[in-house]
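Below is one structure, written out as structure tokens; the observations come after it.
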Amino acid sequence: MAALIAQNLAPIMFAALVVVLLLGYPVAFSLGAVGLMFFVAGVELAPYSEGTIHLSWALLQSMPGRIYEVMRNETLLAIPFFTFMGLILERSGMAEDLLDTIGQLFGTMRGGLAYAVIFVGALLAATTGVVAASVISMGLISLPIMLRYGYDRRLAAGTIAASGTLAQIIPPSLVLIVLADQLGRSVDDMYKGAVLPGLVLAGLYALYVYVVSTIWPAAAPGLPPESIGYRKPDGARGLPSFFAVTALSGLAGWAMTRELPYRGIDFFIVAMAAGIAVALGIALVNHLLALTGQRGFLSPLAERVTFVMVPPLLLIFLVLGTILVGIASPTEGGAMGAVGALLLAAIKRRLDGNPARFNVEIVRQAAESTAKLSAFVLFILIGARIFSLTFYGVNGHVWVEHLLTALPGGMYGFLIVINATVFLLAFFLDFFELAFIIVPLLKPAAEAIFRTAPEAVAIAKSLGLAVVTTADSSGALKEVVADVSPFVIWFGVLLAINMQTSFMHPPFGFALFYLRSVAPKTAYVDKVTDKPMEPVTTAQIYWGAVPYVGIQVLMVALVMTMPWLVIKTKPVVPHDAPAAAAPVPVPPAAPAPVSTDASTTKAGAIALPPYPPAIEGAPAPDKAGPGAPTLDLSVPPDFGLAAPEAIGQ
């Protein structure tokens with residue numbers, strides 16, 4: 001019985017962790033407690049395991065070092081920086097200005113407010129990376145306006161909750177930082193791989209709103225004309241002026257950066273920064289003309305949109321752009337973002353004359369919330385390190401790898417099973433817990449499958465990645481992927497999109513809880529229209545989230561079947577690479593001296609220079625006596641011992 005338990009301790013340990021988590025104990029302490037208890041059991045059962053268990057009491061001495069490695073992890077240091085940045089921006093009023101201005105821009109378009117929420121949700125995701133900040137801000141600002149103009153409560157609630165969760169997949173996302181750390185890949189590669197899927201997901205949200213507003217127009221009506229502001233003196237909205245400044249800024253950004261050695265997303269980020277600078281210059285000149293009593297060339301709407309859009313876009317370049325272009329590491333980018341958020345909030349207070357935009361109390365609250373989240377992450381990671389020490393010691397990683405590589409269906413069978421499992425676990429665990437518990441167990445199996453699976457080899461060939469031919473254990477030749485890092489990034493983005501549903505799953509989705517906390521729970525009177533309004537029920541929030549969960553599942557399927565959304569087909573050109581120079585002929589090096597002494601060089605021997613290099617200050621070596629060194633490898637060295645046959649005598 002002891003031998004049976006010892007040889008199956010890994011699955012028993014994993015099942016025990018699931019039971020303890022379902023009992024409701026905190027995740028960090030559950031991981032640590034299960035790890036320590038099974039460490040003791042593993043040490044005692046090791047003699048019965050037939051080599052399966054590799055645990056001993058001396059192994060516990062490595063635990064302080066493992067915990068210290070967690071504390072000095074510079075990649076995870078970006079988490080408090082991005083959290084602090086998001087909390088400061090949430091209280092600075094930037095989201096309020098964006099939602100008001102973008103809502104005016106979409107105007108009387110059917111579903112315009114929902115489009116504005118999705119657009120602003122994507123912008124906030126690219127600046128804050130914090131789901132709570134995005135959902136709470138849009139819930140406080142947009143939900144009352146959408147209800148005022150007759151939006152369906154389920155559509156309004158679902159759109160706000162789903163748009164807030166875009167912060168999970170659009171860089172600089174916290175979950176992407178954690179996944180990159182757990183998968184052993186760089187954060188900037190993970191960010192580059194997630195940009196396009198994040199934008200496609202936002203586009204799918206907008207497509208859903210378009211379909212709903214087309215089939216059921218009453219569910220997403222446009223704003224009435226009298227509610228549209230920022231008009232010209234003649235009553236026109238001035239949209240041609242807005243489109244003109246947008247096109248001019250885009251063309252100027254492209255012209256200013258087209259000669260730079262950037263490609264793909266790097267070029268887009270740099271060109272966007274240049275275009276933003278041009279648009280800001282145009283708006284400033286127009287504003288100065290208006291201050292001097294002269295006629296400006298921009299409509300009030302175009303000027304307003306420019307001034308409101310520039311701060312978040314500049315912050316996107318300061319944070320995300322510097323990371324993707326390679327100027328800063330994720331930690332450095334997060335630090336610059338935190339400082340940039342403080343500066344923007346201070347400038348906002350100065351321009352608005354409103355001390356509530358930025359003060360010492362706001363900074364204190366943001367720092368306190370950041371410290372709580374950082375401590376939460378650190379304790380989970382320490383517990384995960386304790387658990388993984390024991391789990392690896394009982395060969396748990398081998399058990400998981402054999403279990404997953406034996407799944408039917410090859411690579412796609414593995415991806416389907418893993419994503420279905422993560423989808424179900426997301427009902428009960430948030431993304432931090434999934435990333436620290438599940439992902440480290442999946443990494444070895446994923447790398448093994450992506451290296452040898454025929455489907456992975458075919459994808460690598462189609463995308464121009466390196467494929468090599470090797471011999472397996474039986475001597476048969478087979479093609480394998482030379483570098484699985486692009487596939488691991490693809491796998492990480494798939495998991496990130498899937499984990500995003502953990503914020504949307506009824507009944508435990510955190511985004512739904514955030515929205516429930518700010519949505520009206522009782523009947524109220526609208527402040528603008530003085531009309532009585534019905535409350536938003538919890539069931540309406542849950543039902544509104546269901547279609548968006550389906551869209552996220554569809555996005556997982558799209559990324560799984562179209563890996564080119566994540567994996568880039570062309571190698572990245574180094575930004576500082578010099579121009580290729582003409583080859584310079586190099587004279588052949590003189591051959592090294594080779595010993596030709598017959599006493600030291602035998603037939604078929606490897607002859608090398610017989611003497612070691614001279615060392616300044618050291619005595620000269622003996623070059624002639626019996627102790628003279630030789631590198632003749634045809635005979636074993638003689639250390640002055642008797643011959644083997646003499647010893648036998």
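Nothing fancy with the numbering, it's 1 onward along the sequence.
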Subject >> side chain to side chain donor-acceptor pair (under 3.5 Å) against T538, all qualifying residues, sequence neighbours excluded >> reply: R516
Original post:
Considering all heavy atoms of both residues, which atom of V308 and which atom of L98 are nearest to each other, and what is their separation?
Top reply: CG1-CD2, 3.7 Å
Subject >> Reported CZ-to-CG distance for the pair F487 and L463, which is rounded to 0.5 angstrom >> reply: 7.0 Å
**OP:** Find the distance between CD1 (I323) and CE (M190) and round it off to the nearest 0.5 Å.
**Re:** 13.5 Å
**OP:** Drop me the distance from F387's CZ to F38's CZ, to the nearest 0.5 angstrom.
**Re:** 8.5 Å
**OP:** Look at the aromatic rings of F510 and F513 and report parallel, tilted or perpendicular, splitting at 30° and 60°.
**Re:** perpendicular
Subject >> Nearest heavy atoms of R110 and Y115, plus distance in Å >> reply: O-CE1, 3.5 Å
Original post:
Above 12 or not: heavy atoms from other molecules or residues under 6.0 Å from OH of Y149?
Top reply: yes
**OP:** Could you label the plane-to-plane angle of the F450 and F491 rings as parallel, tilted or perpendicular, counting under 30° as parallel and over 60° as perpendicular?
**Re:** perpendicular
Original post:
To the nearest 0.5 Å, how far apart are OG in S173 and OH in Y191?
Top reply: 6.5 Å
Subject >> Test item: T159 side-chain N/O and A156 main-chain N/O as donor-acceptor pair under 3.5 Å >> reply: no
Original post:
So which heavy atom on P11 is nearest to which on W399, and how close?
Top reply: CB-CZ2, 3.5 Å
Original post:
Does a sphere of radius 6.0 Å around CZ in R154 hold more than 12 heavy atoms from other residues, nucleotides or ligands, not counting ones at 6.0 Å or beyond?
Top reply: no
**OP:** Step through the shown structure and confirm whether more than 12 heavy atoms of other residues, nucleotides or ligands are within 6.0 Å of CZ on F423.
**Re:** yes
Original post:
Has M71 got more than 12 heavy atoms of other residues, nucleotides or ligands less than 6.0 Å from its CE?
Top reply: no
Original post:
Are I88 and I362 close enough that some pair of their side-chain heavy atoms sits under 4.5 Å apart?
Top reply: yes
Original post:
Which heavy atom in I489 sits nearest to a heavy atom in V566, and how many Å separate them?
Top reply: CG2-CG1, 4.0 Å
**OP:** Quick one: sort the F391 and F14 rings into parallel, tilted or perpendicular, breaks at 30° and 60°.
**Re:** tilted
Subject >> Test item: I145 and Y151 side chains (from C-beta on) under 4.5 Å apart, heavy atoms >> reply: no
**OP:** Report yes or no: does Y548 contribute a side-chain atom to a donor-acceptor pair with the main-chain N or O of A161 at less than 3.5 Å?
**Re:** no
Original post:
Hey, is NZ on K521 packed in by over 12 heavy atoms from elsewhere, all under 6.0 Å?
Top reply: yes
**OP:** Identify the heavy atoms of P171 and V195 that sit nearest to each other, and give their distance.
**Re:** CG-CG2, 3.9 Å
**OP:** For salt bridge (Lys or Arg N to Asp or Glu O under 4.0 Å), just list the numbers for R451 and E447, CA-CA rounded to whole Å, side-chain angles, deciding distance to a tenth of an Å, and then say yes or no.
**Re:** CA-CA 6 Å; R451 188 174 302 279; E447 290 179 342; 6.0 Å; no
Subject >> Side chains of L166 and Q500 in contact at under 4.5 Å (non-hydrogen atoms) >> reply: yes
Original post:
So do the side chains of V546 and W543 get within less than 4.5 Å of each other, counting heavy atoms only?
Top reply: yes
**OP:** Provide the closest heavy-atom pair for Y208 versus L155 in the form atom of the first, atom of the second, distance.
**Re:** CE2-CD1, 3.9 Å
Give every donor-acceptor pair under 3.5 Å between a side-chain atom in residues 209-219 and any protein atom, sequence neighbours left out.
| unit_1 | atom_1 | unit_2 | atom_2 | d |
| --- | --- | --- | --- | --- |
| S213 | OG | V209 | O | 2.9 |
| S213 | OG | Y210 | O | 3.0 |
| T214 | OG1 | Y210 | O | 2.7 |

Under 3.5 Å, sequence neighbours excluded: what are the donor-acceptor pairs made by side chains of residues 197-206?
| unit_1 | atom_1 | unit_2 | atom_2 | d |
| --- | --- | --- | --- | --- |
| Y205 | OH | Q552 | NE2 | 3.0 |

Original post:
Is the number of heavy atoms from other residues, nucleotides or ligands under 6.0 Å of Q365 CD greater than 12?
Top reply: yes
**OP:** Using a 4.5 Å cut-off on heavy atoms from C-beta on, say whether the side chain of L434 contacts that of L425.
**Re:** yes
**OP:** Look at the rings of F106 and F119 and say which category their plane angle falls in: under 30° parallel, 30 to 60° tilted, over 60° perpendicular.
**Re:** perpendicular
Subject >> Value rounded to 0.5 Å, distance of CE in M138 from CG in L143 >> reply: 11.0 Å
**OP:** Any chance you could measure K443, atom NZ, to L179, atom CG, to the nearest 0.5 Å?
**Re:** 12.5 Å
Original post:
Within a radius of less than 6.0 Å around OH of Y25, do more than 12 heavy atoms belonging to other residues, nucleotides or ligands occur?
Top reply: no
**OP:** Determine whether I169 and M555 make a side-chain contact, defined as any pair of heavy atoms from C-beta on separated by less than 4.5 Å.
**Re:** no
